Amino acid sequence: METHVHLSHPSRRGLIALTLLVLAGALATALLLGRSVEPASADNNPNNYDCRGHVEKGAESADDLGATEVKYVFACSGPITGYQIQPDHAVQSIETEVFATDRATKEVVATDAFSCNGEIPGFGVNCIGTYQGNYENVAGQFAIDEKLCDEPRVDPLLTVMYASKDAKGNVVQAISGPYDLGRPRGCPKSARGGKTRIPQSKDTSAER
């Protein structure tokens, strides 16, 4: 079941960098309380994962009548224990329970799930959980006030985190990204097509 949080007029605190530090600290605390995970393999550096994704029109929510639901989808090469979506439009609600699906069977992976929260309205969706990697798809939603295809279109960034314990029991944390999820798929072409927040390489093609 999809769960959304919709609050009104709280105060805004800090910057995205501070949010990342808080999220990393929360991950470390969870590990120290016994929620440890296996470290990533040596050939898959958690500070330099390959993560890819996009955004598109999301499913309408009865809790957000009049708002625009934005669906984000991403997949990463290695395991993570948290991620942050950083839109450039104010987030008005957040899907709080997010699950991964197997890329071949499309079935939900019960062990790969996240709990998400953030300031409403705000510019960060912060999620903590477990994800094994292997390019399983993670999909969630947030809502914005603007229309999906109106310019300037929403263009979120993704940052992923991984926390584990080393052989001595010390907490080891890694942050990878940001990755540009790009402008929404399914919108008409416009003069701003291809102008993402992070410049794309010439061999990257996507619907803008």
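Predicted model only: the values in this text are computed from it and were never measured.
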Connected via hydrophobic side-chain network under 4.5 Å: Leu148 and Val91: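 Both belong to a single hydrophobic cluster.
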Check the hydrophobic clustering (I, L, V, M, F, W, Y; side-chain heavy atoms under 4.5 Å; chains of links allowed) and say if Ile144 and Ile94 are grouped together.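 Yes, Ile144 connects to Ile94 through the hydrophobic network.
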Measure the spacing between [atom1] of [X] and [atom2] of [Y] and express it to the nearest 0.5 Å.
X	Y	atom1	atom2	result
Ser77	Tyr135	OG	OH	4.5 Å
Ile80	Leu158	CD1	CG	7.0 Å
His54	Tyr72	NE2	OH	12.5 Å
Arg192	Glu151	CZ	CD	5.5 Å
Lys106	Asn137	NZ	CG	6.0 Å
Ser93	Glu69	OG	CD	5.0 Å

Contact check, side chains of [X] and [Y], non-hydrogen atoms, under 4.5 Å:
X	Y	value
Ile128	Thr81	no
Val55	Pro156	yes
Asp180	Pro178	no
Asp88	Val154	yes
Thr111	Thr130	no
Val73	Val138	no

Give the ring-plane orientation class for Phe114 versus Tyr131, where under 30° counts as parallel, over 60° as perpendicular and anything between as tilted.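 Answer is tilted, since the angle falls between 30° and 60°.
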When the aromatic ring centroids of Phe74 and Tyr179 are compared, is their separation below 6.0 Å?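 Ring centroids of Phe74 and Tyr179 are no less than 6.0 Å from each other.
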Under 3.5 Å: donor-acceptor pair, side chain of [X], backbone of [Y]:
X	Y	value
Glu95	Gln141	yes
Asn45	Asn47	yes
Thr68	Glu146	yes

Distance-only donor-acceptor check, side chains Gln86 and Thr159, under 3.5 Å: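 Yes, because at least one side-chain N or O of Gln86 sits under 3.5 Å from a partner of the opposite role on Thr159.
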With a 4.0 Å cut-off, would you call Arg153 and Asp155 a salt bridge?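 Here Arg153 does not pair with Asp155 in a salt bridge, since their nearest N and O are not under 4.0 Å apart.
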